[in-house]
Amino acid sequence: MQIDYHISGTFGQVHRDTNPYIFCMGPVGPLSCDTEVLTPDGWIRIDSWEPGTAIAQYSVLGEEVSFFAPKELIVNDCDEFIHFSNLHR
């Protein structure tokens with residue numbers, strides 16, 4: 001299917017960015033169940049995360065990674081996912 005639209009704003013920046021790693025900040029979601037998160041013990045699928053397990057967070061201001069334990073994983077139904085990518089990924 002061909003969709004014709006103008007890419008602008010944040011998604012336009014993602015589309016044009018040559019960086020192979022781009023992070024979302026703020027309230028985002030949903031994520032697919034096979035999304036991986038980094039823990040102090042290595043990468044795990046988000047659907048296998050358990051309360052009390054710390055995951056990585058990146059500070060743009062401090063340019064550093066730290067770990068924190070979320071209070072909960074919010075699970076909601078999703079009827080459709082839209083995958084965004086650019087020429088470099």
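Cluster membership check: Trp43 does not share its hydrophobic cluster with Tyr58, using side-chain heavy-atom separations under 4.5 Å among Ile, Leu, Val, Met, Phe, Trp and Tyr. Two different hydrophobic clusters hold Leu38 and Ile44 under the rule that ILVMFWY side chains link at heavy-atom gaps under 4.5 Å.
For Pro40 against Ala54, the heavy-atom pair with the smallest separation is CD-O, 3.4 Å. For Thr53 against Pro70, the heavy-atom pair with the smallest separation is O-CD, 3.7 Å.
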> So Ile55 and Phe67, side-chain contact (heavy atoms from CB on, under 4.5 Å) or not? Walk me through it.
Replying inline: CA-CA 5 Å; Ile55 62 172; Phe67 291 92; 5.6 Å; no
